[in-house]
Undergrad: 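Have a look at this one before I ask anything.
In what follows, every heavy atom counts, from backbone to side chain, and hydrogens, waters and symmetry copies are set aside. Note that the coordinates shown come from a computational prediction; the quantities given were computed from them, not determined experimentally.
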Amino acid sequence: MTDKLKLARACAEAMWAGDTASQRLGMKIEEMRPGYARLSMHITRDMVNGRDNCHGGIIFTLADSSFGYACNSHNQYAVAVGCNIDFLAPGNVGDLLVATALEQGRVGRTGVYDVRIENQNGALVATFRGKSVTVKGHRVEASDQ
């Protein structure tokens, strides 16, 4: 395992320890690499709207969490400065949604990340683009890596 991969995973572990929102929604970190994160979540009855589809805000939250892990994988604190989502298909109770975030580029303090949200059959549910900016601080200390 490379040092950058170890660092990305250590950053994810440190972030996960305080990420009660993602934990309470039942999200799981499936894979972490530098500039990449894949998170999953099962849709439960508590997550549906009046049309019996997964609430868009829940899908957005999964995408945002995946984006957050990807942009924090380089051991610099990063925060979102903008993001948008396009919903393409509904999520249903029992579906497993998988959000895969991929870094498109980082220049200076700014990063751009695309996220694909798919169901268990690989059908595209939504696409998300997030823009991040790094701020002071590091996720893990050198001795924790």
Side-chain angles (χ1 to χ4, degrees), residues 1-44 46-49 53-92 94-145:
M1 188 178 331
T2 68
D3 288 343
K4 287 184 178 184
L5 181 56
K6 286 180 188 175
L7 180 59
R9 289 179 178 175
C11 290
E13 288 176 18
M15 196 168 160
W16 184 257
D19 188 359
T20 55
S22 296
Q23 291 176 32
R24 296 274 171 109
L25 286 170
M27 292 182 201
K28 293 181 182 173
I29 300 172
E30 301 291 344
E31 186 177 357
M32 277 300 308
R33 300 191 307 249
Y36 175 96
R38 189 174 73 234
L39 275 65
S40 66
M41 177 185 70
H42 280 95
I43 299 173
T44 67
D46 293 335
M47 298 175 177
V48 299
N49 60 22
N53 295 324
C54 185
H55 191 288
I58 299 290
I59 296 171
F60 184 95
T61 302
L62 174 62
D64 186 47
S65 291
S66 182
F67 158 58
Y69 280 88
C71 68
N72 278 276
S73 65
H74 301 288
N75 201 26
Q76 288 183 284
Y77 281 122
V79 296
V81 293
C83 47
N84 60 51
I85 192 165
D86 293 300
F87 299 104
L88 301 167
N92 301 299
D95 281 353
L96 175 68
L97 297 184
V98 178
T100 304
L102 180 62
E103 185 176 273
Q104 300 302 307
R106 283 190 319 146
V107 177
R109 295 177 50 216
T110 303
V112 175
Y113 297 79
D114 285 336
V115 183
R116 289 180 58 89
I117 302 92
E118 299 175 340
N119 69 15
Q120 68 279 0
N121 300 317
L124 187 60
V125 173
T127 61
F128 172 106
R129 174 162 272 196
K131 181 179 173 184
S132 68
V133 64
T134 56
V135 295
K136 285 186 177 184
H138 299 280
R139 281 274 158 220
V140 297
E141 298 299 321
S143 62
D144 295 339
Q145 300 176 27

Undergrad: Quick one: does Ile85's side chain get under 4.5 Å of Phe87's, heavy atoms only?
TA: yes
Undergrad: Do Asp114 side-chain atoms and Leu102 backbone N/O form a donor-acceptor pair below 3.5 Å?
TA: no
Undergrad: Working to the nearest 0.5 angstrom, can you tell me the gap between Met32 CE and Tyr69 OH?
TA: 8.5 Å
Undergrad: Calculate, to the nearest 0.5 Å, the distance between atoms CZ and OG belonging to Arg9 and Ser73 respectively.
TA: 12.0 Å
Undergrad: Side chains of Gln76 and Arg106, heavy atoms from C-beta outward: is any pair under 4.5 Å?
TA: yes
Undergrad: List the atom of Gln120, the atom of Asp95, and the distance in Å for their closest heavy-atom pair.
TA: NE2-OD1, 3.2 Å
Undergrad: Any ion pair linking Arg38 and Glu30 (charged N to carboxylate O, less than 4.0 Å)?
TA: no
Undergrad: With no hydrogens and no angle check, is any side-chain donor or acceptor of Ser40 less than 3.5 Å from a backbone partner on Val98?
TA: no
Undergrad: Quick one: which of Ile59, Leu39, Leu88 gives a side-chain contact (heavy atoms from CB on, under 4.5 Å) with Ile117?
TA: Ile59
Undergrad: Is the shortest side-chain heavy-atom distance between Leu25 and Leu62 below 4.5 Å?
TA: no
Undergrad: Answer yes or no: is there a side-chain heavy-atom contact under 4.5 Å between Asn72 and Cys11?
TA: no
Undergrad: Which heavy-atom pair separates Ala101 from Val115 by the least distance, and what is that distance?
TA: CB-CG2, 3.7 Å
Undergrad: So, taking the atom named OG1 in Thr2 and the one named CG in Leu7, what distance separates them when rounded to the nearest 0.5 Å?
TA: 9.5 Å
Undergrad: Can you confirm whether Ile58 sits close enough to Ile43 that some side-chain heavy atom of one is under 4.5 Å from a side-chain heavy atom of the other?
TA: no
Undergrad: Once ring pair (Phe, Tyr, Trp, His ring centres under 6.0 Å) is applied, what residue pairs with a partner in residues 3-25 remain, sequence neighbours excluded?
TA: none
Undergrad: I need the Gln23 CD to Lys28 NZ distance, nearest 0.5 Å.
TA: 12.5 Å
Undergrad: Drop me the distance from Arg33's CZ to Leu5's CG, to the nearest 0.5 angstrom.
TA: 8.5 Å
Undergrad: Does any non-hydrogen side-chain atom of Asn53 lie less than 4.5 Å from one of Val48?
TA: no
Undergrad: Can you check whether Thr100 reaches Glu118 side chain to side chain, under 4.5 Å on heavy atoms?
TA: no
Undergrad: Only counting residues at least two apart or in another chain, list the ones meeting ring-ring contact (aromatic ring centres under 6.0 Å, His included) with Tyr113.
TA: Phe67
Undergrad: Please name the residue in the list Arg139, Glu103, His138, Lys4 that meets the side chain to side chain donor-acceptor pair (under 3.5 Å) test with His74.
TA: Glu103
Undergrad: Heavy-atom distance under 4.5 Å between the side chains of Val140 and Asn75, does that happen here?
TA: yes
Undergrad: Working to the nearest 0.5 Å, report the span between OG of Ser66 and CD1 of Ile29.
TA: 9.5 Å
Undergrad: Side chain of Asn119, backbone of Asn121: donor and acceptor closer than 3.5 Å?
TA: yes
Undergrad: Taking all atoms of both residues into account, what is the closest heavy-atom pair of Val135 and Arg109, and its distance?
TA: CG1-NH2, 4.2 Å
Undergrad: Just to verify, which of His42, His55, Met41 counts as forming a side-chain contact (heavy atoms from CB on, under 4.5 Å) with Met47?
TA: Met41
